[in-house]
Number of protein chains: 2
Amino acid sequence: MPETYRAEIRQLDLFADMEDSNFETLMRGTYVQTFPPRIDLITEGDPSDFLHIVLSGSVDLFACWNGRETSMATVRPVSTFILAATIREAPNLMSARTLEKSRIALLPSEDVRAVFDTDGAFARAIVRELAQCYRTVVKNTKDLKLRTSLERLANYLIRHSARTASSEFELNMEKRRLAAFLGMTPENLSRAFKGLEPYGVKVSGSNISISDPDDLARFAKPDLLIDDYST
Amino acid sequence: MPETYRAEIRQLDLFADMEDSNFETLMRGTYVQTFPPRIDLITEGDPSDFLHIVLSGSVDLFACWNGRETSMATVRPVSTFILAATIREAPNLMSARTLEKSRIALLPSEDVRAVFDTDGAFARAIVRELAQCYRTVVKNTKDLKLRTSLERLANYLIRHSARTASSEFELNMEKRRLAAFLGMTPENLSRAFKGLEPYGVKVSGSNISISDPDDLARFAKPDLLIDDYST
DNA sequence: ACAGGTACTTGACAAATATCAATCGAAATC
DNA sequence: GATTTCGATTGATATTTGTCAAGTACCTGT
């Protein structure tokens, strides 16, 4: 594996503090592959053979049941997915596909578990990562159960606006995926955008501008315990 | 702290493998308290001062936003809650209240973090616990996003029936809480029970009987990747 | 430039779900 | 035993959300 990838992975919180020898053990079985867009990486129910790390590009985590499909999360560089399944040696709960051309590192789950069993620093790093993931999903559940779709969209836009530190920005995913992520149909998302017009939200293609952020916030009522993805 | 509690806690997966001396450190600051029903233990947003362990009774984890409230989970003996917030030294995302008279052990979060930093076995146990919690919340999200309320209720009943290994059982919580947990209103839950009558679900107070489990399952389409809480 | 596909939008309609008000019924209190 | 209280139910209605069937706009590849 090229040295540049190795250095990139080593710098991740997850691997930064572990023993050199253990890191080497992990890297020995690791390979990095570039995938085209829209490639299925994982199907839910499959055994978790590899811990995946997104080095570049982006990956959609989604789930299906009874012919329906929903988007659960987007993984962007540099972070991992399928960590919980790897640790528990359990089937993946979500499927994954590339959204664009993406470079993915694949670490054999067996190796991850083996190193995890002996390297305390690695175990602690995994704890922090999992605790973060857990809290993100809990926030998501609160968003889904406590808010209407219009409120979810309004808060999503406010979060996005905060991330880009700008009241005008581009949606970084297709509206159909955004709709699935927010738990609604594409048709409903269209109408929800219309429904936010009175609060100063202007939509033109994937370009969003918020003319009066305070007005939108009065409607959306963003809450640190739902919308702050930093803790 | 009485020796019986100590032994009870020591046997938990979370504490079973750690160093004796570290366990002693943890227990030094721990106290056990009995709470009456309907007592608030934690309010969301509060700092996570204590890791809580339910020794007996049961605890409702719930969340609020904008005057609305929903139930997120029920914690039953013997397990912990507020683990992720403790580890990340972050505010609690959920509130907690006793459902009945309950014995709760309280471990100072600082001590938990200190021992976590030095005891690899403890860190590994936390990983397994958190990975489990994470997967549970993911399953919950899939349930919410991919199923209608009628389907959620049907699958809940099937899971409950499987847990008690019987086609007749008692609901172990108020219907209003069940409604909140399933993401619907109490009125809707009443109607949902009626809606399941054609599939052989009979309700009398909190007593549920399923006359034709296969018929109900054909409607509910239970799925290991949503409904199996063991992995 | 054009054709074809795909995402997005819109309108009409249907289904699901929430809300409000009233009532019922069982458990708790006096 | 009567009363009170509170959760559960029911009916009527409103709102939200989804579905279906167009039509439009945009991108892509030839």
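Numbered from 1 within each chain, the chains take letters A, B, ... in sequence-line order.
One can place NZ of Lys145(B) at 14 Å from P of dT17(D), the figure rounded to the nearest angstrom. Arg176(B) places its CZ atom 20 Å from the P atom of dG25(C), with the value rounded to the nearest Å. Atom P of nucleotide dT9(D) and atom CG of Leu196(B) are separated by 13 Å, given to the nearest angstrom. Atom pair Leu182(A):CG and dG18(D):C1' shows a separation of 16 Å (rounding to whole Å applied). What separates NZ of Lys175(A) from C1' of dT9(C) is a distance of 9 Å, to the nearest Å. Distance Lys194(B) NZ to dA8(D) P: 14 Å, rounded to the nearest Å. When the P atom of dT16(D) is taken as reference, atom CG of Leu144(A) falls 18 Å away, rounded to whole Å. Summarising the geometry, the separation between CG on Leu178(B) and P on dG7(D) is reported as 15 Å, rounded to the nearest angstrom.
Atom-to-atom distance recorded for Ser56(A):OG and Ile104(A):CD1 is 7.5 Å, nearest 0.5 angstrom. Between atom CG of residue Leu225(A) and atom CG of residue Asp46(B) there is a gap of 9.5 Å, rounded to the nearest 0.5 Å. With rounding to the nearest 0.5 angstrom, the NZ atom of Lys175(B) is 12.5 Å from the CG atom of Leu182(B).
The neighbour count for Arg163(B) CZ, taken as heavy atoms of other residues, nucleotides or ligands under 6.0 Å away, is above 12.
In this structure, Lys142(A) contributes its side chain and Ala63(B) its backbone to no donor-acceptor pair below 3.5 Å. Remark: side-chain polar atoms of Ser161(B) are not paired, donor with acceptor, to backbone N or O of Leu157(B) under 3.5 angstrom. Formation of a donor-acceptor pair under 3.5 Å by the Lys145(B) side chain with backbone atoms of Ser71(A) is found in this model. A donor-acceptor pair is defined here as one N or O able to donate and one able to accept, closer than 3.5 Å; no such pair exists between the side chain of Glu69(A) and the backbone of Phe62(A). A donor-acceptor pair under 3.5 Å is formed between the side chain of Thr98(B) and the backbone N or O of Pro36(B).
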Given protein heavy atoms under 4.0 Å, the one-letter contact record of nucleotides 25-30 of chain D, with B base, S sugar-phosphate only and - none, is simply ------
Once base and sugar-phosphate atoms are separated, protein heavy atoms under 4.0 Å mark nucleotides 17-22 of chain C, 5' to 3', with B, S and - as SBBB--
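In summary, of the residues considered (Val112(B), Val75(B), Ile9(B), Leu51(B)), a side chain to side chain contact (heavy atoms under 4.5 Å, CB included) with Thr80(B) occurs for Leu51(B) alone.
Residue Glu174(A) places its side chain closer to dA7(C) than to any other of dT9(C), dT9(D), dA7(C).
A salt bridge links Arg147(B) to Asp227(B): one of the charged nitrogens lies within less than 4.0 Å of a carboxylate oxygen. By the 4.0 Å N-to-carboxylate-O rule, Arg128(A) lies too far from Asp13(A) to be salt-bridged with it.
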With side chain to side chain donor-acceptor pair (under 3.5 Å) as the test, would you mind laying out the steps for Asn207(A) and Glu170(A) before giving the verdict? CA-CA 5 Å; Asn207(A) 181 281; Glu170(A) 300 285 321; 2.9 Å; yes
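A donor atom on one side chain and an acceptor atom on the other are found under 3.5 Å apart for Arg103(B) and Tyr5(B).
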Are any protein N/O atoms closer than 3.5 Å to N/O atoms in nucleotides 26-28 of chain C? If there are, list each pair with its distance.
none

Restricting both atoms to N or O, compile the protein contacts to nucleotides 22-24 of chain D shorter than 3.5 Å, with distance only.
none

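Within the structure, ring-ring contact (aromatic ring centres under 6.0 Å, His included) contacts touching residues 193-215 of chain B (residues at least two apart or in different chains) are Tyr199(B)-Phe219(B).
Note that the two end axes of the helix from dA1(C)-dT30(D) to dC30(C)-dG1(D) enclose an angle of 50°, each drawn from 5 base pairs, rounded to 10 degrees.
Taking each heavy atom of His52(B) and Ile82(B) in turn, the nearest pair found is ND1-CG1, 4.4 Å.
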